[in-house]
Amino acid sequence: MIIAANLKTNLTRKQTTEYVDELESFLNKNKISQEVLVFPAASSLNAHNGKVTIGAQNAYAAANGAFTGEIGQDHLDEFGIKTILIGHSERRHVLGESQEELVKKFNFYKELGFRIVYCIGEPLEVREAGNETMMKYISAQYEGIDTDYENLIIAYEPVWAIGTGLTPTLEEIESIHKELKKKSPAPLLYGGSVKVTNASDVLALQSVDGILVGSAALYVEHFCSMCEYAQNIENKN
């Protein structure tokens, strides 16, 4: 399983280092063998060797250049980072990144061999319009993306469930994941108000290959528990 934490615009460099160190210690002490990814804020990126893989929440499709406010490949290379989050709903809906921009970014980092966590998902009005409309909306987010890329991870995050405390039922998650698995052989994560109280149930679903956790991951002890849940489920299987 893949357990990922998106720390968003939270935690300073010092706090992030303490977070990763505590997480690393927990993984080693409890012999957690799952793949664990942490995506800190850009200013909190740092080199790290261990079980935890550090990734970037975003980067421009360039090594460097006149792109004010962005970071590029050179900045990631400085810390040995080869994992990136692309297409998160906040990049799409809050910051206005188009599918065309995301495809350009995807292809740039694909050519560099990056591990890419590519996010998809629908807003509430689309879900309420029915399954056919919802699947058409989500399918458009696959356009231009190499779904057979060997270093691809896909994260399904219903936009209406992110940071709201609302979540689809387990049956709904299982159903949509089954449909999405027809589109790509890549591991498929679930995200959207995943927290310590529901993570175990979500991880136990047959079509879920892991979770992408937002605000609930800010509590390192909660994120450690989620990693342990994943390990326990694998041990039972």
Side-chain angles (χ1 to χ4, degrees), residues 1-8 10-11 15-41 44-46 48-57 81-89 114-121 151-158 161-163 167-168 170 173-174 176-177 180-181 184 186-237:
M1 288 186 182
I2 301 165
I3 315 299
N6 176 14
L7 302 181
K8 305 189 180 184
N10 297 291
L11 305 186
Q15 291 170 328
T16 300
T17 299
E18 292 171 349
Y19 180 105
V20 172
D21 287 347
E22 185 173 341
L23 176 59
E24 187 73 38
S25 177
F26 179 87
L27 298 180
N28 284 302
K29 180 181 178 181
N30 292 277
K31 299 180 181 179
I32 306 295
S33 62
Q34 311 308 305
E35 183 176 358
V36 178
L37 313 177
V38 174
F39 296 90
S44 299
L45 293 174
N46 215 337
H48 178 76
N49 292 315
K51 289 187 174 182
V52 178
T53 298
I54 301 298
Q57 294 176 18
I81 291 170
K82 296 286 288 182
T83 301
I84 188 168
L85 195 65
I86 293 178
H88 190 278
S89 66
F114 270 59
R115 187 84 154 139
I116 296 174
V117 179
Y118 182 71
C119 300
I120 57 173
N151 278 328
L152 173 63
I153 300 168
I154 294 174
Y156 168 65
E157 296 189 300
I162 298 173
T167 54
L170 295 176
I173 295 171
E174 181 74 10
I176 185 69
H177 272 235
L180 294 175
K181 277 184 167 291
S184 172
L188 181 60
L189 314 185
Y190 173 76
S193 290
V194 177
K195 43 191 177 289
V196 72
T197 54
N198 65 10
S200 183
D201 289 337
V202 173
L203 286 165
L205 296 173
Q206 186 175 3
S207 60
V208 171
D209 301 314
I211 49 178
L212 175 59
V213 189
S215 59
L218 295 178
Y219 304 94
V220 67
E221 63 274 16
H222 287 186
F223 189 62
C224 287
S225 294
M226 296 181 206
C227 295
E228 188 171 28
Y229 294 159
Q231 187 66 51
N232 291 340
I233 290 168
E234 183 171 288
N235 290 343
K236 286 179 182 178
N237 294 335

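In this structure, Lys195 and Asn198 have side chains that are in contact, with non-hydrogen atoms separated by less than 4.5 Å. The closest side-chain heavy-atom distance from Asp209 to Lys181 is below 4.5 Å. Contact of the Ile154 side chain with the Leu180 side chain is not registered, since no non-hydrogen atoms from C-beta on lie closer than 4.5 Å. Residues Gln15 and Leu7 are not in side-chain contact: their nearest non-hydrogen atoms beyond the backbone lie 4.5 Å or more apart. Between His177 and Leu205, every side-chain heavy-atom pair lies at or beyond the 4.5 Å cut-off. Using a 4.5 Å heavy-atom threshold, the side chains of Tyr19 and Pro40 count as separate. Two residues are said to be in side-chain contact when any heavy atoms from C-beta on lie closer than 4.5 Å; Leu85 and Leu212 meet this criterion. In this structure, the side chains of Tyr219 and Cys224 stay at 4.5 Å or more apart for every pair of heavy atoms.
The main-chain N or O of Ile120 is never found under 3.5 Å from a side-chain atom of Tyr118 such that the two would form a donor-acceptor pair. In terms of modelled atom types and a separation under 3.5 Å, the side chain of Ser89 and the main chain of Glu157 share no donor-acceptor contact.
Listed by chain and residue number, nothing satisfies the salt bridge (charged side-chain N to carboxylate O under 4.0 Å, His left out) test with Glu228 (two or more places apart in sequence, or in another chain). In terms of the salt bridge (charged side-chain N to carboxylate O under 4.0 Å, His left out) criterion, Lys51 has no residue partners (sequence neighbours excluded).
In this structure, Cys119 SG and His88 NE2 are separated by 5.5 Å, a value rounded to the nearest 0.5 Å. Interatomic distance, OG1 of Thr17 versus CD of Glu22, reported as 13.0 Å (0.5 Å rounding). Remark: Tyr229 OH to Ile3 CD1 distance equals 11.5 Å, nearest 0.5 Å. In this structure, OH in Tyr156 is found 8.5 Å from CD1 in Ile173, a value given to the nearest 0.5 Å. Separating the CD1 atom in Ile84 from the CZ atom in Phe39 is a distance of 8.5 Å, to the nearest 0.5 Å. The SG atom of Cys227 sits 5.5 Å away from atom CG of Leu23, with the distance rounded to the nearest 0.5 Å.
Closest of all the heavy-atom pairs between Ser207 and Glu174 is OG-OE1, 2.9 Å. Between Leu37 and Phe223, the shortest heavy-atom contact is O-CZ, 4.1 Å. Taking each heavy atom of Ala216 and Met226 in turn, the nearest pair found is CB-CE, 4.0 Å. Residues Gln34 and Met1 share a closest heavy-atom pair of OE1-N, 2.9 Å. Nearest heavy atoms, Leu11 versus Ser44: O-OG, 3.0 Å.
Asn235 CG: more than 12 foreign heavy atoms inside a 6.0 Å radius. The environment of Gln206 atom CD is sparse: at most 12 non-hydrogen atoms of other residues, nucleotides or ligands sit within 6.0 angstrom.
Across Ile2, Thr53, Leu152, Ile81, a single residue satisfies side chain to side chain contact (heavy atoms under 4.5 Å, CB included) together with Arg115, and that is Ile2. Screening Leu188, Ile116, Leu189 for a side chain to side chain contact (heavy atoms under 4.5 Å, CB included) involving Ile153 leaves a single residue, Leu189.
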